[in-house]
Amino acid sequence: MCGIVGYVGAKQVVPILFDGLKLLEYRGYDSAGIAVLDGEGISRCRRAGKVRDLEQDLRSLPPAATIGIGHTRWATHGKPTNENAHPQVDCHGKIAVVHNGIIENYMPLREQLMADGHVFSSETDTEVLAHLVESLLDGDLLEAVRKAVARAEGAFAVAILSSDTPDRIVVARRGSPLVIGQAEGETYVASDIPALLGRASSVQFLGDDELAELTADGFRVIDFHGNEVRRPSRSVSADPVSIQKGGYKHFMLKEIHEQARAVGETLREKIDASVQTVRLPSLDNAIPEFDHIYLVSCGTAFHASLAAEYLWEQILPVPIQAIIASEFRLRSPALSPRTLVVAVSQSGETIDTLMAVRRAKDGGACVIALVNNEQSAIDRESDAAVYMRAGIEIGVAASKTFTAQISALGVLGLYLAARRGTLSASDVEQEVGRLALLPGRITECLQQEESIIQIAERMHHAHDVLFLARGVMFPIALEGALKLKEISYIHAEGYPAGEMKHGPIALIDEGTPVVFLLSDGLAYDKVLANMEEVKARNGHVIAITDTPDAPAVLKLADDIIPVPASEGISRPILFALPLQLLAYHTAIWRGTDVDQPRNLAKTVTVE
Ligand code: M6R
């Protein structure tokens, strides 16, 4: 959601910023822009549309400039127009600002600044920062920005240039992520690591309520009170190849096919297949005795959390509840030092989940982060962490991080149950044995792609698609529906199959596709009965099943997608795979922009 890049060094800055913006496109945006600084002052170019639309205009920028900032904007205040695109500038074009997030009190600030004579040229909340810094600047840009952000309310990340201090960029963060990268004689800043891969050799995430002053020689961090902050940088471990499509048409398809590895890596450090046990040493001394558990998360991460709720309640004798993070604060969760809260987020930066973490901590709960990004805000603010090892996910629609989340949550459940003594060593052994086979099963399952392409072709004209399942498959049905609506824009709903007669059956008409997740031993006959009901109304039954040859399935299903038989944690993971491929290929038949679906952002940093 919005992307920031910045560079100061000795190289020509325009191509560096342009490449950085392209690498942040996955975050979601609807306009883009760049400002650079040279002896003539600040020059900028910006426009509504895609980063590639900006390329021609970039020729108007001074090619020799070596310091600048760039932005992809996801519109919040004001439409995605050229005027509202960032960078925004002050009255005299001497200060340029790019900004992610929302300045919630921008209205009173704007009115005050206008009363003081400042002239505004956009509808954005961002522009107030440019004018505020202008009004506070007295030779020291860092200090002026510190005073300006102290007056701003909301969640934001900013990068600011001033022609009065042409050798530096000042950045600040509250809530929205910023990562600073360094290489010999050059300093970078970006909203996320992909924009720095192959350029920076070390990185450091800026903390909340911190500012940094970047020059070619390095950077200095202070907090919003002006105190120096020191923390070590870490070397960049991800490979630049991981952010290339590697021969696939889309990142999403590549990431779907990376799942055997993503799940394998996630499990590798957490299970010991030789002695068939689980290990999460980071939690050994971090978890108190607990008497209930909440899982907080959004979107796909919520579906993984709901799957964990189903899996964990079979092995942990305490109340367990998955709650959508944005609702968590509005409700009255029972929080105490005996509450365990697991915050699930691939990015580790989702603002709603972060706010739920803060709410949980305020209530005295112990918070475990389950994230894909080490050092992310949710990781830093939690008491302990369990990491997914899915690798960078570029496609806006989550795929490999979903199955990695269920894998990691599955192991976390085993760990908690084993520690509490509610799961025997032999039960753990059995589950670990199954998990060790899971990467191979994933590869096997993804081989159904050719037949799924045909099914997707038949489905891509649909107006509504229902996804029905029971038990632990219900969250997977929700995820199947979310994937389809996100990338194909077809209306889709996931329901417990038992709920069909209580409402959704009204949607079923001649040919309405209804996707059933049918698994041996999971309310099997009842789900079959629901299939009969859909068939009786001339719906189009698509059965994703581990019993593809069963006579009832052959009789009722118009299309069948086989899934390898499994149990425990592996089962929901395997059923998720065909749903991802079905959504992907349906979107391809409809010709939508799979990797950057309309209106969506990869990391949602505004509430
Ligand atoms: O980074 P997070 O896991 O916290 O993100 C949560 C949701 O925003 C995310 O899963 C979203 O629903 C995706 N677009 C799903 O494909």
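Just follow the structure's listing: the first ligand is 1, and inside any ligand the first atom is 1. Only a predicted model underlies this, so the values are computations on that prediction, with no experimental measurement involved. For reference, positions follow the sequence shown, starting with 1.
By the 30° and 60° cut-offs, the orientation of the rings of H257 relative to Y248 is parallel.
Taking the salt bridge (charged side-chain N to carboxylate O under 4.0 Å, His left out) definition, one finds that K254 meets it with E258, sequence neighbours left out.
One N or O on the side chain of S488 and one on the backbone of I490 form a donor-acceptor pair closer than 3.5 Å. With T592 contributing its side chain and I487 its backbone, the two residues share a donor-acceptor pair below 3.5 Å. In this structure, the side chain of R279 engages the main chain of E269 through a donor-acceptor pair within 3.5 Å.
Within 4.0 Å of ligand 1, protein heavy atoms belong to C298, G299, T300, A301, S345, Q346, S347, T350, V396, A397, A398, K483, E486, listed by chain and number.
Inspection of the H540 and T512 side chains reveals no N or O donor paired with an N or O acceptor under 3.5 Å.
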